[in-house]
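These notes are about the structure you will find just below.
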Amino acid sequence: MERNITIYMFDSTKAASNLYKDLQHRIYHTSTFKNYIEDKEKQVENNNINFNSLLECVGNDINMMHPNDLYEITHFFKSQIHPLFPNDSVEAREEYFKTLYDYLGITKLYELTTTNACKAYGYLYEAYIDSFPVTGIQGKDRSINIRTEDFLHFNDFLILVTKKIIDSQLYDYPDELPEEEESIIETVQSENLQNELMSDVIEEEMKFLTKVFYPDDRQDFIQTVYHAHTFLKQAIKMRSMIDVQKNPRIIIVDIY
């Protein structure tokens with residue numbers, strides 16, 4: 001299975017109403033979610049997904065959902081909905097998912113669909129948690145449900161370190177960023193001026209990358225350099241989308 005990282009946030013009110021109801025009764029293509037889970041229980045030994053417990057979490061507060069349960073929900077939707085649009089473009093399917101997820105109280109903040117992009121993002125996340133440990137509800141592989149404050153702190157690290165990588169000109173990146181994005185970067189830099197540990201971690205990372213960078217696609221840290229521009233733009237976008245008061249938890253589904 002190719003590695004996939006997807007980052008989600010939630011609207012617990014919509015989920016408690018719409019997702020709660022749909023997971024019980026709605027047939028999207030050939031099956032209800034309940035039937036999907038029952039079939040999986042028959043096929044997979046030591047299956048830890050319990051339909052009633054999952055449904056209770058959605059009804060009470062989806063923000064506290066186990067990452068494995070969220071993976072099953074999204075995997076169910078993909079398996080049911082993709083066959084409905086066999087000839088549609090990827091963009092058309094993604095637009096349908098966006099509309100559906102909004103109705104259900106799920107927001108997909110970012111999806112990394114290639115192993116190289118996942119390796120690069122995962123490398124930076126590991127570099128971050130080595131100095132800033134993060135606790136949460138741990139799921140399969142490296143999936144985790146964490147506080148939004150912790151995710152945004154990592155996201156700021158991502159903005160700062162990728163901007164440094166781009167400024168170092170280790171790789172040939174696209175043209176300059178728009179003024180609005182540069183303004184957000186300056187805000188993040190200003191907010192972290194007194195964060196000595198953050199500065200030290202980024203400085204050490206840059207020393208390492210500058211010293212060892214060479215074009216070898218096999219290395220995670222090389223992929224980090226290649227993907228720096230994409231990661232920076234997406235991190236800026238996510239920072240603008242997330243409201244800590246409305247979205248108290250973030251789930252990272254990292255399966256491989």
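Salt bridge D167/K163: present, at least one basic N to carboxylate O contact under 4.0 Å.
Screening I49, N50, L55 for a side chain to side chain contact (heavy atoms under 4.5 Å, CB included) with S53, the sole residue that qualifies is N50.
Counting heavy atoms from C-beta outward, D254 and D141 have side chains that stay 4.5 Å or more apart. Counting heavy atoms from C-beta outward, T107 and F10 have side chains that stay 4.5 Å or more apart. Contact annotation: the side chain of Y8 never approaches that of I73 to less than 4.5 Å [non-hydrogen atoms, C-beta and beyond]. Counting only heavy atoms from C-beta outward, the side chains of Q189 and L160 approach each other to under 4.5 Å. Side-chain atoms of I81 and Y96, non-hydrogen and from C-beta on, do get closer than 4.5 Å to each other. Inter-residue side-chain proximity for N155 and I242 is flagged as unmet; no heavy-atom pair is nearer than 4.5 Å. Between T162 and L124, some side-chain heavy-atom pair lies under the 4.5 Å cut-off. Taking the side chain as every heavy atom from C-beta outward, V201 and Y128 never approach each other to under 4.5 Å.
Within the 3.5 Å criterion, the main-chain N or O of P248 finds a donor-acceptor partner in the side chain of T148. In this structure, T99 contributes its side chain and E95 its backbone to a donor-acceptor pair below 3.5 Å. Side chain of H227 to main chain of Q223: a donor-acceptor pair is present (N/O by atom type, distance under 3.5 Å, no hydrogens or angles). Here the side chain of N18 pairs a donor or acceptor atom with the backbone of Y103 at under 3.5 angstrom. Remark: the backbone N or O of A120 is paired with a side-chain donor or acceptor of T224 at under 3.5 angstrom. Here the side chain of N4 pairs no donor or acceptor atom with the backbone of I255 at under 3.5 angstrom.
For the atom pair CD of E91 and CZ of R93, the computed distance is 9.0 Å after rounding to the nearest 0.5 Å. Going from atom CD1 of I5 over to atom CZ of R142 covers 9.0 Å, rounded to the nearest 0.5 Å. Atom NZ of K233 and atom CG of L177 lie 5.5 Å apart (nearest 0.5 Å). To the nearest 0.5 Å, atom CG of residue D220 and atom OH of residue Y123 are 8.5 Å apart. Remark: M198 CE to H153 NE2 distance equals 3.5 Å, nearest 0.5 Å. Atoms NZ and CD, from K237 and E181 in turn, are 10.5 Å apart once rounded to the nearest 0.5 Å.
Looking at every heavy atom in both residues, M206 comes nearest to V161 through SD-O, 4.3 Å. Here the closest heavy-atom approach between residue Y28 and residue Q80 is recorded as CB-CB, 3.8 Å. Scanning all heavy atoms of the two residues, the minimum distance from N35 to S31 falls at CB-OG, 3.3 Å.
Side-chain contact, R249 with N145: a donor N or O sits under 3.5 Å from an acceptor N or O. T32 and Q24 are not linked by any side-chain donor-acceptor pair at a separation below 3.5 angstrom, with hydrogens and angles left out of the test.
The salt bridge (charged side-chain N to carboxylate O under 4.0 Å, His left out) search around K164 returns none, not counting sequence neighbours. Scored by the salt bridge (charged side-chain N to carboxylate O under 4.0 Å, His left out) test, E111 finds K78, K108 as partners (sequence neighbours excluded).
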| request: Would you sort out whether K246 and D11 count as a salt bridge (charged side-chain N to carboxylate O under 4.0 Å, His left out), showing the intermediate values? | output: CA-CA 7 Å; K246 294 179 180 178; D11 181 322; over 6 Å; no
| message | I'd like to know whether E204 forms a salt bridge (charged side-chain N to carboxylate O under 4.0 Å, His left out) with K207, so could you lay out the CA-CA distance, the side-chain angles of the two residues, the decisive distance to 0.1 Å, and finally the verdict. | response | CA-CA 5 Å; E204 286 301 311; K207 286 180 181 177; 3.7 Å; yes
| Could you walk me through whether Y36 and E72 pass the side-chain hydrogen bond (donor to acceptor under 3.5 Å, both in side chains) check? | CA-CA 9 Å; Y36 165 82; E72 293 300 341; 2.8 Å; yes
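Centroid-to-centroid, the aromatic rings of F97 and F77 stay 6.0 Å apart or farther. Close placement of the Y121 and F231 rings is indicated, their centers lying within 6.0 Å of each other.
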